[in-house]
Chemist: 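Can you read through this structure? Questions will come right after.
Here is the naming used below: chain letters follow the sequence lines, and residue numbers restart at 1 for every chain.
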Number of protein chains: 2
Amino acid sequence: MVKKLSILNKLRSSNLRPTKQRVEIAKFLFEREKTFHFTIESLAKSMAKKTSKEFALATIYNTVEAFKKAGHLSEVHLKGKNNRTYFDTNISNHHHFYDNETSELIDISENQIKFEKIPNAPNGKKIANVEVIINLKD
Amino acid sequence: MVKKLSILNKLRSSNLRPTKQRVEIAKFLFEREKTFHFTIESLAKSMAKKTSKEFALATIYNTVEAFKKAGHLSEVHLKGKNNRTYFDTNISNHHHFYDNETSELIDISENQIKFEKIPNAPNGKKIANVEVIINLKD
DNA sequence: GATTTAATTTAGAATTATTATAAACTAGAA
DNA sequence: TTCTAGTTTATAATAATTCTAAATTAAATC
């Protein structure tokens, strides 16, 4: 009951009408202990399993985009071999392990990586943020 | 003449027949002082300018793929906002600045970044390599 | 609770990057 | 010169994503 409420608040406070679809997706994505990585395709499959009537793919796209805009999700700027866009429920500044074999992402919290040396931004630019991807192999 | 020859050698030693198209593309990509970043689209445009008869897009794809397989090009595993695949004539281990506004990449050599702290690979995995992307803003 | 309205969902078409196909062409061997 | 396998090419196919316009629905108003 508490969780359900916080989902509704999360949606409402972001000016997103808590429709059946958004609530279902939000519950699936945000009612978790750990951070969660997914693609549109994997999310669509998960929602199809969870509910009898499956959601339109466009709704998955719309909802994820809306959640991203609202700051509840972040997009991972990684081009894996499967060419799918990854999303992450972890919206804090952080890094990733990436396993190209399994296409799996694992979070690395910001404080697990420290730089001894890093270059300055070129000419008139500033550093917006630093993303580290540690590619894994067997 | 020397340059032309090294291009021919580069192709032949990779078991790539030095066709007109491959030689033209290779000259454009590899006869440079600095490292060069491009997308299929930008390369196609450049080749169209350079030559009267433009190359088939499939040839650009085929050639870039062949050069990549031969180890003359590397693919940048970055998903920018334009959703194009970037290639890099710098095939050594290195890092990048990325300007999301202009979609421009700038190389950072490996020795310009040093880690004070980095996590171990999970479970049975090993670290294949580490890619750092420094996102820029104005 | 019924009515209204604007937001949302939906199916399907459109778009975009990339890959596959199969016919025409060509480098290099014989 | 002839032959053949490797290449190029135009075009079709595929795959992820976005667009569109009609149907549905949340929630405000009566």
Chemist: Do you know the tightest heavy-atom contact between A/Thr39 and A/Arg84?
Modeler: CG2-CB, 3.9 Å
Chemist: Does anything in residues 78-85 of chain B come within less than 4.0 Å of DNA chain C? Heavy atoms only, and list the residues if so.
Modeler: B/Asn83, B/Arg84, B/Thr85
Chemist: Applying side chain to side chain contact (heavy atoms under 4.5 Å, CB included), can you list everything that pairs with B/Ala48, at least two apart in sequence or on another chain?
Modeler: B/Glu54
Chemist: Who pairs with B/His96 by ring-ring contact (aromatic ring centres under 6.0 Å, His included), at least two apart in sequence or on another chain?
Modeler: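 Partners of B/His96 by the ring-ring contact (aromatic ring centres under 6.0 Å, His included) criterion, ordered by chain and then number, come out as B/His37, B/His94.
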Chemist: For B/Tyr86, enumerate each residue passing the ring-ring contact (aromatic ring centres under 6.0 Å, His included) test, keeping only those at least two apart in sequence or located in another chain.
Modeler: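 B/Tyr86 satisfies ring-ring contact (aromatic ring centres under 6.0 Å, His included) with no other residue.
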Chemist: Which residue pairs satisfy the side chain to side chain donor-acceptor pair (under 3.5 Å) criterion with at least one member in residues 14-25 of chain A, sequence neighbours excluded?
Modeler: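 Passing the test, one end in residues 14-25 of chain A: A/Ser14-A/His72.
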Chemist: Report each atom pair, protein N/O against N/O of nucleotides 27-30 of chain D, whose distance is under 3.5 angstrom.
Modeler:
from, atom 1, to, atom 2, distance (Å)
D/dA27, OP1, A/Arg12, NH1, 3.3

Chemist: Return the value, rounded to whole Å, for the distance between atom CZ of B/Arg22 and atom P of C/dC25.
Modeler: 18 Å
Chemist: Kindly give the atom pairs (protein nitrogen or oxygen, nucleotide nitrogen or oxygen) under 3.5 Å for nucleotides 19-22 of chain C.
Modeler:
none

Chemist: What's the CE-P distance between B/Met47 and D/dT9, to the nearest Å?
Modeler: 11 Å
Chemist: May I ask you to list the residues sharing a hydrophobic cluster with B/Ile108, side-chain cutoff 4.5 Å, ordered by chain and number?
Modeler: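 When side chains under 4.5 Å apart are linked, the cluster holding B/Ile108 also contains A/Phe97, A/Ile106, A/Ile108, A/Ile113, A/Phe115, A/Ile118, A/Ile127, A/Val130, A/Val132, A/Ile134, A/Leu136, B/Phe97, B/Ile106, B/Ile113, B/Phe115, B/Ile118, B/Ile127, B/Val130, B/Val132, B/Ile134, B/Leu136.
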Chemist: Any salt bridge (Lys or Arg N to Asp or Glu O under 4.0 Å) involving residues 90-106 of chain A? Give me the pairs, sequence neighbours left out, ordered by first then second residue.
Modeler: A/Asp99-B/Lys125
Chemist: Kindly state each residue pair satisfying salt bridge (Lys or Arg N to Asp or Glu O under 4.0 Å) with at least one member in residues 85-97 of chain A, sequence neighbours excluded.
Modeler: none
Chemist: Do the non-hydrogen side-chain atoms of B/Leu43 and B/Phe28 ever get within less than 4.5 Å of each other?
Modeler: yes
Chemist: How long is the line joining CZ of A/Phe55 and C1' of C/dT10, in whole Å?
Modeler: 12 Å
Chemist: Contact class for A/Thr19 (heavy atom, under 4.0 Å): base, sugar-phosphate, or nothing?
Modeler: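 Sugar-phosphate only.
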Chemist: Between A/Gln21 and C/dT10, is there a contact of a side-chain N or O with OP1 or OP2 at under 4.0 Å?
Modeler: yes
Chemist: So, using ring-ring contact (aromatic ring centres under 6.0 Å, His included) as the criterion, who are the partners of A/His95 when residues are at least two apart?
Modeler: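 ring-ring contact (aromatic ring centres under 6.0 Å, His included) list for A/His95, sorted by chain: empty.
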Chemist: Among all residues two or more places apart in sequence or in another chain, which pass the ring-ring contact (aromatic ring centres under 6.0 Å, His included) test with A/Tyr61?
Modeler: none
